[in-house]
Amino acid sequence: MNYEEVMKLALERGFYFPSCEVYSDANAGFWEYGPSGVGLKNKFLELWRRELIRRDGMMEIDGSQIMSKSVFEASGHLGNFADPIIKCTKCNSTYRADRTIAEIANIEIPESADLNEFDNAINENKIKCPKCKGDFGTTKKFNMMFKVGIGPQEEEAYLRPETCQSIFVDFPRLFKTMRGKLPLGIAQVGKSFRNEIAPRQSLLRLREFYQAEIEVFCNPRRLDEVEKFAEIENTIIRVQTDAEPISMTCKEALESGTVPNKFVAYYLGILTEFYEKTGIDVSKSRFRKLGDKEKAFYAEVAFDFEVETTIGWLELVACNYRSDYDLSSHAKMSKEKFEVMDNDEKVLPHVFEISMGIDRSLYTILEHSLKNDKEHERMVLSLKPYLSPVHVGILSLVKKDGLKEKTDEIFLNIKRKFDAFLDHSGAIGRRYRRLDEIGAPFAITVDHQTLEDNTVTIRKRDSMEQSRVDISKIDSILLESVGFP
RNA sequence: GCAGUUAUAGUACAGUCUGGUUAGUACUCGUGCUUGCCAAGUACGUGACCCGGGUUCAAAUCCCGGUAACUGCACCA
């Protein structure tokens, strides 16, 4: 299904909707999750924990969203996360100073240069607004971080633009107190904040968004000593280095030099296995190797995990080999020691990052799962059962003759074990359709026969098949069917 | 941030050009009846003109400003 259909479902069924929508000063780039969206998000994260965190023996932390100025001085975000921008005094169009100057006057000025250099180049080359020929004002730095004032003195601090800085600054304590050993993965789920110039398309470009980030700390001299590599050597990943993505096993990716070492190949492998289990069609995915111009300022090697949707390729995960960029910057700035012992060797660990955009991933799951079943005139959200916000609908065929009471009784026994939804009202077909739209894989219906022999019918979402089972079997059937793989 | 388009119930749309009675339709939603396993029927019901200002006897409708969404451009560390 396309963006429009997913949006309609999201609004009608409580997946997500605009923030503060009752007020006219609501800002762009802020959306909230409703009950169905939260259900899906929680289960997605549980799967992430199982498939990446627990599988690899990582630690998870939960850091502050507001962090001090020094953190971002050290991380480079105060300097590099800002673009030099120029604004036309006539038509208000905003451009990046470095790019506009390069295009018009063919002069390369690095984006980190002094602001005067841009102004001088603009004056000397008489650069005007390409749109209206108006004059540009002076160059300014536009920083994408939200600044906040702490306490009555309003001390300068920032909302984090990525979650991972807590992981870096916490690394020395965690390594010591948690008895760390390289390679060590530290993960965090939480919100990040970026003051985007033009937020667009609901969950796909937000100013406040969820990330699930993993930073794996490693000894840079032992990147090919990865025993776990055997687990994924035959896992197929799709890698794009130039025109087209090519399917290959992790082993082939390594041997052909497409992926630089076993360490990186291993994580690309388990990441693909994770996304396969979310129900996203990974045959429409690719790890796109980024060129020097596209890479973030901290990245040495970078692969974007992208998935094809009806609105084009979407970047869901950034995989960056950040080397010792972060730890050495924080060591220098804080004067703390970030080296650790790896066997008998003292090393400043390198970092491989798997930075996942949760909101975009959820959108992609919805788009890839939503089906129009024309034969039965219904929309079906074919989520993996373990990701569904509602595992099972508990329905009475009719309310009367004691069926309602019997249904309530079954619901009462089940509601703490599974995400169950009780529904008595309206035609049975309509209730099935509603459950189909929020992706509930099962519906249990109580009918007159139930009162005679204690059996119910259980209906499957995708096939619409029904079978009759004893009430005592419900628990074990559901447990087996909606459990995580 | 620029340009264009748009903004009416939970959703999708009509009405606005040409200001004027109770803002209409479909689906949805709630309650009853009916049927008794796949959006049926039936009756009743809930529910909306994006926000602010102006013009006018009178504004959902005209004008100005704001906000948001969509599309394109630019941006996306």
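These numbers were taken from a predicted model, which means no experiment stands behind them.
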Hey, is the side chain of [X] poking within less than 4.0 Å of OP1 or OP2 on [N], counting only N and O atoms?
X: Gln201(A); N: U71(B); value: yes
X: Lys399(A); N: G32(B); value: yes
X: Arg99(A); N: C75(B); value: yes
X: Tyr3(A); N: C70(B); value: yes
X: Thr94(A); N: C2(B); value: no
X: Arg200(A); N: G72(B); value: no

Rounded to whole angstrom units, what separation is found between the [atom1] atom of [X] and the [atom2] atom of [N]?
X: Tyr23(A); N: C50(B); atom1: OH; atom2: P; answer: 18 Å
X: Leu397(A); N: C37(B); atom1: CG; atom2: P; answer: 6 Å
X: His424(A); N: G30(B); atom1: NE2; atom2: C1'; answer: 15 Å
X: Lys8(A); N: U28(B); atom1: NZ; atom2: C1'; answer: 10 Å
X: Arg430(A); N: G41(B); atom1: CZ; atom2: C1'; answer: 12 Å
X: Arg96(A); N: G1(B); atom1: CZ; atom2: P; answer: 18 Å
X: Arg205(A); N: U71(B); atom1: CZ; atom2: C1'; answer: 15 Å
X: Asp423(A); N: G30(B); atom1: CG; atom2: P; answer: 7 Å

**OP:** Select one nucleotide: of A68(B), U11(B), A40(B), the one nearest the side-chain heavy atoms of Ala427(A).
**Re:** A40(B)
Subject >> Selection from C76(B), U11(B), C38(B) that lies nearest to any side-chain heavy atom of Glu196(A) >> reply: C76(B)
Taking [M] as the reference, what is the distance to [N] when you measure between their [atom1] atoms (whole Å, please)?
N: G1(B); M: A9(B); atom1: C1'; answer: 34 Å
N: A48(B); M: U22(B); atom1: C1'; answer: 15 Å
N: U28(B); M: C70(B); atom1: C1'; answer: 24 Å
N: A60(B); M: U8(B); atom1: C1'; answer: 7 Å
N: A26(B); M: U42(B); atom1: P; answer: 12 Å
N: C64(B); M: U18(B); atom1: P; answer: 15 Å
N: G52(B); M: A68(B); atom1: C1'; answer: 15 Å
N: G32(B); M: U46(B); atom1: C1'; answer: 15 Å

**OP:** Return yes if a side-chain donor-acceptor contact under 3.5 Å exists between Asn454(A) and Lys406(A), otherwise no.
**Re:** yes
**OP:** Please assess Thr309(A) against Tyr363(A) for the test side-chain hydrogen bond (donor to acceptor under 3.5 Å, both in side chains), listing each intermediate value before the final yes or no.
**Re:** CA-CA 10 Å; Thr309(A) 68; Tyr363(A) 171 81; 5.5 Å; no
